[in-house]
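Shown next, in structure tokens, is the structure this report addresses.
We number each residue from 1, following the sequence as shown. Atoms considered below: every heavy atom in the structure, side chains included; atoms not considered: hydrogens, waters and symmetry mates.
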Amino acid sequence: MFPRSEDAALNCHSPGLLVGRTPATRNRPGALLSLAALAACLAPGGCWQSTPQGDATNARQSQAFDANQPTKSVAPALSPKTPDVIVVGAGISGLSAALDLGRGGARVTVVDMSSVFGGHAVMSQGSVSIVASPAQERAGIQDSPDLAFRDFHRWGEDPATEWVRYYVDNSKRDIYDWLDELGVRFSEVLASSGNSVPREHQPVGRGIGLVTPIYRACLELGNVEFVWNSKVVKLLSHRGRVQGVVTRDLRTGAERDLQAGAVILATGGFQSNLEMVRKFWPATFRFPEKILTGSGRNSVGLGHELARTAGGELLRMDYQWNYFTGLPDPRYPGTKRGLNATNLYGILVNAEGKQFANFHGWAKEVMPILLQQENATCWCIFDEASKSYFQVSGSDWGDFRKVDTQILQNTELVKKADSLEELAHLAGLPANDLMQTVARYNELVELGEDKDFGRFGPGKPAFSNQASPKIATPPFYAMQTFPLTRKSMGGVAIDLSCRVLDRQSQAIPGLYAVGELTGLAGINGKAALEGTFLGPCIVTGRVAARALLAELNIAAERSAPAASRCADCHDLEQLLSQKRDGYWHFDYVHRTTSDRGLDCRNCHSELAPYRADDHRINRQSLATSCVMCHVARE
């Protein structure tokens with residue numbers, strides 16, 4: 001993300017740890033959480049071990065999936081302890097599916113290779129594309145499903161039409177209303193390349209602010225459990241139906257079977273697997289000599305292989321949405337890990353020191369031209385006046401002070417000089433060409449129209465006109481970037497219920513897929529409008545959950561209580577309206593958190609989920625939340 005036309009977590013050390021069942025150590029003084037743990041892990045009351053549920057009790061009747069088995073199937077009768085659904089992956093699509101399944105009464109087991117939740121979403125800006133939302137209405141933005149439908153087709157060229165229609169018609173209900181109920185708040189609605197109107201909704205807290213409320217809501221359900229540090233190595237079938245998985249504990253190597261009524265694959269894309277990236281690289285483009293990985297750590301194509309071995313079809317695997325803004329991640333020296341970093345108030349130049357594309361046309365316009373260059377790399381040139389607009393995508397980089405210290409002041413990554421001539425020398429660019437390029441750009445800014453690349457001028461987006469200032473205030477900066485893998489927009493074939501399809505377009509019984517694994521349901525086609533990565537992840541997760549609740553005929557009465565019952569007993573607005581002696585701190589902190597739109601559980605996580613026999617404030621735990629007011633950035 002950036003196309004404006006546009007493990008800080010509690011590490012659960014126990015192998016195969018399950019979270020979400022037993023509150024045995026919830027108020028134990030020795031189990032205190034740091035603020036980082038509260039903010040990122042947020043398992044209310046800490047972590048605990050529980051006997052894994054859903055272990056195979058009839059392994060002799062189960063087997064690794066054979067694609068040649070008969071397709072006729074019947075949903076199996078499950079024991080009381082067997083989950084109805086196994087979700088493979090605790091990223092945003094898997095969590096969305098798990099939450100709706102759990103709320104609908106299903107028993108759910110979520111398996112993830114990591115020890116923390118969030119997947120690729122945590123690394124992102126967190127923006128989601130929503131059509132005709134209340135936030136747009138408040139900002140005076142006139143949007144409609146039909147307008148968005150046209151934008152998707154014009155920009156993406158060949159998106160999956162039925163999924164686009166569903167998305168634009170239902171994004172307000174399936175994304176905005178749902179997230180709002182969970183406590184997600186949006187700080188602004190941004191303009192993005194390809195969108196006729198601003199519809200990229202930026203959540204407070206970036207990616208972690210988007211995905212954490214979903215995870216926390218899952219933790220409050222007694223019928224949703226998590227198995228961490230475990231890789232699914234096989235799908236299990238019974239009478240032609242997928243109904244379980246084989247997991248391998250990544251810390252001990254131990255394998256076990258988990259049975260279920262159905263399996264949802266939510267394993268993400270493959271953009272962190274450079275072998276797969278190269279294998280499915282678009283034939284029309286040369287593979288760059290240097291390319292960085294900028295997707296989730298576990299976005300390695302695991303789900304693609306699981307689905308393929310089950311007979312699933314892979315579609316449009318060469319539809320890859322990669323960026324030109326890859327900066328070597330200073331946290332992982334000597335690796336190919338990269339950050340998505342840029343300054344849209346600057347300009348892009350190639351190895352010859354010349355502009356070569358419309359910077360604000362983002363990846364759709366820049367990447368094809370960059371990959372035709374003899375040297376597929378570029379430099380972002382900006383000055384001191386626009387330095388504050390420099391951005392790095394991801395929840396880790398929301399504090400500009402960190403960006404400044406670790407990147408802008410890092411002479412290995414960013415060159416800085418008092419003159420363009422000296423800057424060119426430091427960056428290894430032709431000095432005369434760079435100076436002429438900047439002079440020409442400044443001349444066009446003065447003129448008010450970019451006659452070379454069409455970036456700004458009459459009829460151009462408001463953002464592009466605003467974000468195209470002169471480059472004239474020393475010191476000047478140059479940052480070299482490389483192609484960066486980011487998002488998979490092709491993947492496992494699914495139908496409109498998210499059932500995995502085989503090569504004959506027939507649904508594979510008991511097997512579903514959601515999120516980036518499906519190429520985001522093909523909603524983007526060849527080019528993303530931005531905010532259309534996490535948005536489709538949420539939508540497909542929720543669609544799959546609804547389909548499975550109906551297919552498995554889940555009894556709703558098994559559902560756990562509502563996520564937050566605070567308002568049922570505590571009328572905060574009424575309490576704050578009273579003037580009571582001795583309540584100065586209570587009034588201050590609750591007004592502050594209310595103004596910020598924070599959830600009660602940000603400070604009182606030990607009280608959730610609600611238990612009538614053990615509903616007491618743990619002051620040791622509460623003390624870790626003091627920094628939310630006393631050192632928080634406004």
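Looking at Lys487 and Glu530, a side-chain N of the basic residue comes within less than 4.0 Å of a carboxylate O on the acidic one, giving a salt bridge. One finds no salt bridge joining Arg401 and Asp404 here, because no Lys/Arg side-chain nitrogen approaches an Asp/Glu carboxylate oxygen to under 4.0 Å.
The side-chain hydrogen bond (donor to acceptor under 3.5 Å, both in side chains) search around Asn343 returns none, not counting sequence neighbours. Checked against side-chain hydrogen bond (donor to acceptor under 3.5 Å, both in side chains), Thr532 has the following partners two or more places apart in sequence or in another chain: Asn524. Residues that satisfy the side chain to side chain contact (heavy atoms under 4.5 Å, CB included) test with Val122, not counting sequence neighbours, are Ile208, Val211, Ser395. With sequence neighbours excluded, the residues that form a side chain to side chain contact (heavy atoms under 4.5 Å, CB included) with Lys364 are Trp155, Glu157, Trp321, Ala527. Residues passing the ring-ring contact (aromatic ring centres under 6.0 Å, His included) test with Trp281 are Phe287, sequence neighbours excluded. Under the ring-ring contact (aromatic ring centres under 6.0 Å, His included) criterion, Tyr512 pairs with no residue at all, not counting sequence neighbours. Qualifying side chain to side chain contact (heavy atoms under 4.5 Å, CB included) partners for Arg173, counting only residues two or more places apart in sequence or in other chains: Tyr166, Asn170, Asp177, Arg546. Annotation: ring-ring contact (aromatic ring centres under 6.0 Å, His included) contacts of Phe390 (sequence neighbours excluded): Phe382. Residues that satisfy the side chain to side chain contact (heavy atoms under 4.5 Å, CB included) test with Arg248, not counting sequence neighbours, are Val233, Glu255. Partners of Tyr319 under the ring-ring contact (aromatic ring centres under 6.0 Å, His included) rule, at least two apart in sequence or in another chain, do not exist in this structure.
Other residues, nucleotides and ligands place no more than 12 heavy atoms under 6.0 Å from the NZ atom of Lys279. Around atom CZ of Arg297, no more than 12 heavy atoms belonging to other residues, nucleotides or ligands sit under 6.0 Å away.
Side chain to side chain, Gln125 and Arg206 meet the donor-acceptor criterion of an N or O pair below 3.5 Å.
Counting only residues at least two apart or on different chains, the salt bridge (charged side-chain N to carboxylate O under 4.0 Å, His left out) pairs with a member in residues 322-335 are Asp329-Arg331, Arg331-Asp396. Sorted by first and then second residue, the pairs that involve residues 159-169 and meet salt bridge (charged side-chain N to carboxylate O under 4.0 Å, His left out), not counting sequence neighbours, are Asp146-Arg165, Arg165-Asp169.
Taking the six-membered ring where the residue is Trp, Tyr345 and Tyr389 present parallel rings, their angle staying beneath 30° rather than reaching 60°. In this pair, His120 and Phe533 present their aromatic rings tilted. The plane angle is within the 30 to 60° band.
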